[in-house]
Structures are given as structure tokens and as C-alpha cells.
Amino acid sequence: MSSLQVKLVKCLSDNYSYIIYNPISKNALVVDPAEAEPISKEIDILGLKLNFILITHHHQDHIGGNIDLKNLYQCKIIGYEEDASRINGIDIKLKNREIYRFEDEEIEINFAPGHTSGHVFYFFKKNKFAFVGDIVFSLGCGRIFEGNSSQMFNSVMQIKSLPDETKIFCGHEYTENNLKFCLAFDKQNNDLKDKALEIKNLRKKGLPTIPTDVLSEKKNNIFFRCDNPEISTNLEMRGETPEKIFEKLRELKDNF
Ligand code: ZN
Ligand code: FE
């Protein structure tokens, strides 16, 4: 059983990039390099060999380091076939649901549009890691830029349907703001009050709130809880479908 390590790297103002590596073989890959410098610094400190870059979507704050890292390490860039024209330096184009092997891990690429039309997430089946880019955040979900609410809802539900213990690694530290929104429309949720304390303690020390996991998001993330009757009542939308509740919440969050 492989046990890959994940090193979170802070980039730009609130982005997270991730280095995933085998501490024995030193082979590594990076997910969504926002910029090259902080990542190459970590790679050199850890003495790693960067083999691959995985890209969740084409936004600049997720691919900004592609070319510099490729020049430095001759690594290969992997992304979704259908969005290849927007991913700088792409070498390996994967189809939806294709498995890519790294060390003894099986990485599954999953198409999940809504934030962008070519967004994917990567599920590491053995280690139960999900690298979700801007689909889902701790206590939130991505803005809808190129899709519609129904696509985004289905994409968020794909993450929700992963095993409970799956660790979720997202693209940004937005948790404190997301928490305020969840508290406003999910007041009766006692789990959320505990989560709020946890988040405040971490942020006070300047620590990341990531990774989160599927179980925690099921309990706390309002966008995972669109089937909860108390939330529908709070929105004065009793009896509406989870998808309608989701649409309303995304709209409210855009103007929060
Ligand atoms: Zn984005
Ligand atoms: Fe982003």
C-alpha cells in the first residue's frame, strides 16, 4: 500500500498548490502550480524528482507555474483532453474517468464542469485524496463562470459521493468567508459551531484549514446540505428540490 505524502504550498495571495510524493523513491507530482518559485523551493528542500504536473482547470492561478517548472525539471504536464488547448505546455491528455498510474497509486480523472467548462478533479483511489481545484472549497463551492447551476450542482455531488474518509485538497483558502455564509443560512447546525472554533484556531495561528474531508463537508458545507429541510425552511423554500436550493444558495453567496 503506497503512502504518498502531500506538501501544501502557499502561492500568490490565497492559492494552494500541492506536491505529492513518495518519500522513499522521491518521485513527485504537483497539482495546479499557481507559480513556480515557492514550489521549486520546496521540491529542492525535500530533494524530490518532479515527474508530472496535474492541472484541474485552465485559470491562470492554477497553471501559472507550468512552463517554468517544465523548463526546470523536464516534467510532463497532464490535463483533461477536452480542455487541452487552454492548458499551457500540456503533454499528456486524459479522457474522463481514465486512470493514470503514479508509483503504485491509481489516479482517476473526473470531468466536473461548472466553474469552467473543462474542469476536472483527480481522485487518488488508494490514498483517498481528491484534488478538486475550484469545484469545492472547505465550507463552499466554486463560482459558476462557464457553466450553469445544474452542472455545478452535479459536480459538487460527485465530490460528495466519494468515500467519507476522502481528503479534499482545494485551490484556495476561502474557509473563513465561507464559514460566515454557512452560519448565516444554517444557524441550527451544531456541528458547524464546532467546525467554526477549529477554523478560527487554525487561522489565528496562520495555519491552513486544508485538507478537509468528505465527512466533515457533509456535516458542515451548506452546498453539500441542500437536501436538509432546515436549510430549505431558512430560505423559505420548503419542498423545493436540492438542486433548486443549491441554485438559490449559489446566487446568495455571489452577493454575500
Ligand atoms: Zn479557477
Ligand atoms: Fe482559482
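Whatever order the structure lists them in is the order used to number ligands and atoms, beginning at 1. Throughout, numbering of the chain's residues begins at 1 and tracks the sequence.
The atom of Asp61 that is an N, O or S and sits closest to the Fe ion (ligand 2) is OD2. Within Asp134, the N, O or S atom at minimum distance from the Zn ion (ligand 1) carries the name OD2.
Distances from the Zn ion (ligand 1) show that Asp61 has no N/O/S atom below 2.8 Å. Residue contact annotation: His59 places no N/O/S atom under 2.8 Å from the Fe ion (ligand 2). The Fe ion (ligand 2) has no N, O or S atom of His57 closer than 2.8 Å. The Zn ion (ligand 1) has an N, O or S atom of His57 inside 2.8 Å of it.
Side-chain heavy atoms closer than 4.5 Å link hydrophobic residues (I, L, V, M, F, W, Y) into clusters, and following such links, even through other members, never connects Met157 to Phe137.
Counting heavy atoms from C-beta outward, Glu173 and Thr209 have side chains that approach closer than 4.5 Å. Phe246 places a side-chain heavy atom less than 4.5 Å from the side chain of Met152.
Considering Tyr18, Phe123, Tyr122 as possible partners of Phe131, the one that fulfils the ring pair (Phe, Tyr, Trp, His ring centres under 6.0 Å) test is Tyr18. Test Asn27, Asn51, Asn127 against Glu103 for side-chain hydrogen bond (donor to acceptor under 3.5 Å, both in side chains) and you get one pass: Asn27.
Angle ND1(His59) to the Zn ion (ligand 1) to NE2(His115), rounded to 10°: 90°. Here the Fe ion (ligand 2) is the vertex; the NE2 atom in His172 and the OD2 atom in Asp134 give an angle of 110° (to 10°).
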**Asked** ring-ring contact (aromatic ring centres under 6.0 Å, His included) between Phe169 and Tyr16: does it pass, once the steps are laid out?
**Response** CA-CA 8 Å; Phe169 298 89; Tyr16 290 141; 9.9 Å; no

